[in-house]
Asks: 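For reference, the structure I am asking about is given below.
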Amino acid sequence: LIQTIQAHNTSFKDIRYTMKFSPIASSLLLLAFSADAFTPSSLVSSRTQTKLNVAADPKPAAISSDEWSPESWKSKKASQMPVYEDQTELDAAVERLERCSPLVFAGEVRSLHEQLARACHGQGFLLMGGDCAEAFNEFNVDHVRDTFRVILQMALVLTFGSALPVIKVGRMAGQFAKPRSEPDEVRGDVALPSYRGDIINREDFTSEARRNNPQNMVEAYHQSAQTLNILRAFASGGYADISRLQAWNLDFVEQSDEGSRYREFATKVDESLRFMKAIGVDTSSDTFAKTDFFTAHECLLLPYEQALTRMDSTTGKWYDCSAHMLWVGERTRELDGAHLEFIRGIGNPLGVKISDKCTPEELIRITETMNPNNTPGKLTIIVRMGAEKLRKNLPGLIRAVQREGKSLVWISDPVHGNTRKTDNGFKTRDFDKIRDELRAFFDVHDECGSHPGGVHLEMTGEDVTECTGGISDVTEDTLGDRYNTYCDPRLNGSQALEIAFLIAERMRQRSGLPSIE
């Protein structure tokens with residue numbers, strides 16, 4: 001408490017050493033010590049953290065420039081790639097993107113890497129969330145704002161529950177492409193190329209709409225630039241003020257039953273903020289009003305990623321400047337494939353999704369390919385299995401990583417392994433199944449003595465009805481009310497925030513803190 005108060009230029013002389021702190025004050029300590037989750041890392045000075053400088057690691061890369069280039073992926077088999085009719089048109093689009101400004105900058109990427117490195121050592125929690133797939137005709141400021149707001153609300157709850165900085169990463173400003181099980185979609189006697197996301201083709205079932213159009217990459221770039229401008233403005237312009245976030249959370253709990261655990265939890269946060277103000281902490285300062293916010297998407301459309309890959313003049317490293325972080329999916333993580341070939345040479349933090357199909361031996365080979373220097377924070381493993389398969393398969397994967405001494409961040413994707421189709425034809429996900437997989441994820445890490453480093457959710461800030469269950473009480477009968485997704489079903493804002501409350505309660509237990517009752 002002394003360090004916290006002094007860090008905010010508040011005199012300690014009026015606080016008596018004999019003061020006995022109530023549970024409210026204890027909650028304050030938790031929030032205050034972890035308030036740096038809402039401030040740029042450059043402003044954080046009071047919290048003792050591991051300083052790894054991993055992004056500026058002077059060690060030479062394990063891959064020389066002679067062995068890798070932004071185009072070397074072309075020598076490998078590329079899964080889930082569209083076939084373009086006109087190579088000249090594709091080349092023209094790539095050349096145009098190569099002349100465009102970077103969407104993100106190397107310094108921002110290094111900041112994320114440093115934060116992930118601390119999470120790798122148990123000093124952080126990664127929250128990733130956003131749309132299944134962005135769409136051109138859905139783009140507007142309100143849509144971006146609503147998802148950004150819910151992610152920040154979730155981060156506040158998780159910070160309070162975990163006593164850890166929360167790293168906020170949006171599946172935004174680039175999450176346009178989606179893998180497909182079949183190359184073609186058949187309706188009656190008509191077969192057309194499958195819809196692969198707006199960056200490749202359009203959803204309408206016509207020959208023109210389903211044509212793989214390279215110019216869509218240019219349109220996706222410009223929409224991503226606008227999205228990033230909006231996010232940067234919200235993150236630094238006062239919209240992320242901690243008091244505003246708590247007010248939104250109190251609005252959420254109004255939906256819950258009187259005396260519910262959500263109300264109790266939100267009340268503790270509110271009491272803590274009031275106490276901080278009472279002792280003179282200025283909660284309107286930049287420390288509480290600004291935040292770091294990063295973007296990520298699946299590395300799928302390699303011509304687009306190649307075109308936005310640039311060499312950093314200060315370090316000589318290559319960075320994919322389409323996003324701060326990229327991940328490779330379950331369908332494109334072949335060890336000898338084009339996607340791993342591309343991402344192994346870039347300096348961005350990387351992720352890879354794994355299911356129950358991944359063996360311990362394969363995981364070790366993936367980590368050695370994607371992170372040959374074993375740099376903390378470089379690699380995040382995104383686990384998507386379903387609760388039952390996770391309990392069976394994840395322990396062996398964790399033990400293999402521990403045995404080999406690999407540095408990585410483990411996070412749970414509890415949505416992808418729990419997708420089903422209803423009798424009335426809607427693809428959906430059950431809230432209870434998502435909760436069960438998260439519970440299994442934490443249980444396994446408790447058993448293995450490892451750090452459950454984060455969560456990855458397909459979600460939106462809008463009041464959609466795409467996933468059943470949760471506090472919003474969506475049922476199979478009401479799925480059609482606001483089923484707006486272009487791809488997979490998303491948690492709505494209330495369901496996503498409810499997940500954050502559940503994780504926060506579990507993290508309190510791991511931290512040895514009393515449960516909210």
Side-chain angles (χ1 to χ4, degrees), residues 34 36-44 47 49-57 102-130 148 151-152 154-155 158-159 164-175 224 227-229 231-232 234-236 240 290-299 305 308-310 312 314-315 317-328 343-352 370-371 373-382 407-411 451 453-457:
S34 49
D36 53 342
F38 290 90
T39 182
S41 54
S42 59
L43 299 177
V44 178
R47 184 185 178 111
Q49 293 175 320
T50 302
K51 293 299 183 183
L52 299 168
N53 295 320
V54 292
D57 193 339
L103 291 171
V104 304
F105 298 93
E108 297 172 336
V109 175
R110 287 192 286 269
S111 176
L112 172 60
H113 192 167
E114 183 67 34
Q115 294 181 40
L116 288 170
R118 292 197 290 268
C120 197
H121 288 265
Q123 296 181 11
F125 190 88
L126 173 59
L127 170 61
M128 299 181 70
F148 176 76
I151 291 175
L152 293 191
M154 295 171 70
L158 291 168
T159 300
L164 294 172
V166 174
I167 308 158
K168 298 166 288 297
V169 178
R171 290 172 52 110
M172 307 167 76
Q175 182 56 23
S224 298
T227 300
L228 278 160
N229 284 340
L231 291 172
R232 288 182 173 117
F234 283 146
S236 62
K290 296 183 178 182
T291 188
D292 280 344
F293 193 88
F294 304 100
T295 62
H297 62 254
E298 183 174 359
C299 178
E305 307 300 341
L308 291 172
T309 299
R310 312 291 161 79
D312 176 35
T314 62
T315 64
K317 293 182 178 180
W318 290 97
Y319 289 91
D320 185 341
C321 297
S322 69
H324 300 101
M325 178 179 181
L326 294 102
W327 76 84
V328 173
I343 64 170
R344 74 185 181 96
I346 58 176
N348 306 61
L350 304 172
V352 60
M370 298 176 70
N371 187 18
N373 288 331
N374 202 28
T375 305
K378 175 68 174 179
L379 182 58
T380 295
I381 302 299
I382 308 167
S407 295
L408 50 82
V409 180
W410 293 99
I411 73 171
H451 178 54
V455 64
H456 180 123
L457 300 171

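What's counted below: heavy atoms across the whole structure, side chains too, no hydrogens, waters or symmetry copies.
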Asks: Specify the closest pair of heavy atoms between Val169 and Phe293, including all atoms of both residues, with the distance to one decimal.
Replies: C-CZ, 4.5 Å

Asks: Is the backbone of Leu126 close enough, under 3.5 Å, to the side chain of His456 for a donor and an acceptor to pair up by distance?
Replies: no

Asks: If you round to the nearest 0.5 Å, how far is OG1 of Thr314 from CZ of Arg110?
Replies: 4.0 Å

Asks: State, with a plain yes or no, whether a side-chain heavy atom of Val409 is found less than 4.5 Å away from one of Cys120.
Replies: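 When only atoms from C-beta onward are counted, Cys120 and Val409 do touch, with a gap below 4.5 Å.
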
Asks: What I'd like to find out is whether the side chain of Trp327 reaches to under 4.5 Å of the side chain of Thr380, using heavy atoms alone.
Replies: no

Asks: Check for a donor-acceptor pair, side chain of Gln175 on one end and backbone N or O of Ala296 on the other, with a separation under 3.5 Å.
Replies: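 Checking the backbone N and O of Ala296 against the side chain of Gln175, no donor-acceptor pair under 3.5 Å is found.
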
Asks: Yes or no on side chain to side chain contact (heavy atoms under 4.5 Å, CB included) for Phe234 and Thr291, after CA distance, side-chain angles and deciding distance?
Replies: CA-CA 9 Å; Phe234 283 146; Thr291 188; over 6 Å; no

Asks: Measuring from atom CG of Asp312 to atom CZ of Phe105, what distance do you get when rounded to the nearest 0.5 angstrom?
Replies: 11.5 Å

Asks: How close do Ile411 and Gly453 get, heavy atom to heavy atom, and via which atoms?
Replies: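 Answer, listing the atom of Ile411 first, then Gly453: CG2-C, 3.8 Å.
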
Asks: How long is the straight-line distance from CE of Met128 back to NE2 of His297, given to the nearest 0.5 Å?
Replies: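 The distance works out to 10.5 Å.
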
Asks: Could you tell me whether a side-chain N or O of Lys168 sits under 3.5 Å from a main-chain N or O of Thr295, the two making a donor and an acceptor?
Replies: no

Asks: Is any side-chain heavy atom of Asn371 less than 4.5 Å from a side-chain heavy atom of Leu350?
Replies: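 Side chain of Asn371 against side chain of Leu350, heavy atoms only: no contact under 4.5 Å found.
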
Asks: Kindly give the heavy-atom pair with the smallest separation between Ala117 and His121, and that separation in Å.
Replies: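 Looks like O-CD2, 3.1 Å.
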
Asks: Under a 4.5 Å cut-off applied to non-hydrogen side-chain atoms, are Leu164 and His451 in contact?
Replies: yes

Asks: Does Glu108 offer a backbone N or O that forms a donor-acceptor pair with the side chain of His113 under 3.5 Å?
Replies: no

Asks: Could you check whether any side-chain N or O of Asn348 sits under 3.5 Å from a backbone N or O of Leu326, counting only pairs where one atom can act as donor and the other as acceptor?
Replies: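 Side chain of Asn348 to backbone of Leu326: no pair is present.
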
Asks: Do Ser322 and Asp320 have a side chain donor and acceptor closer than 3.5 Å?
Replies: yes

Asks: At what distance, to the nearest 0.5 angstrom, does SG of Cys321 lie from CG of Leu103?
Replies: 8.0 Å

Asks: With rounding to the nearest 0.5 Å, note down the distance linking CD1 in Ile343 to CD in Glu305.
Replies: 10.0 Å

Asks: Which atom pair, heavy atoms only, marks the closest approach of Ile382 to Gly351?
Replies: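 Minimum heavy-atom separation between Ile382 and Gly351: CD1-CA, 4.5 Å.
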
Asks: Closer than 3.5 angstrom, by distance alone: can the side chain of Asn374 be matched with the main-chain N or O of Ser407 as a donor-acceptor pair?
Replies: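 Between the backbone of Ser407 and the side chain of Asn374 there is a qualifying donor-acceptor contact (under 3.5 Å).
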
Asks: Taking the side chain from Ser224 and the backbone from Ala173, do they hold a donor-acceptor pair closer than 3.5 Å?
Replies: yes

Asks: Working to the nearest 0.5 angstrom, can you tell me the gap between Leu127 CG and Met154 CE?
Replies: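 Taking CG in Leu127 and CE in Met154, the distance rounds to 5.0 Å.
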
Asks: Looking only at non-hydrogen atoms, find the nearest pair between Ala119 and Ile167 and report the distance.
Replies: CB-CD1, 4.0 Å

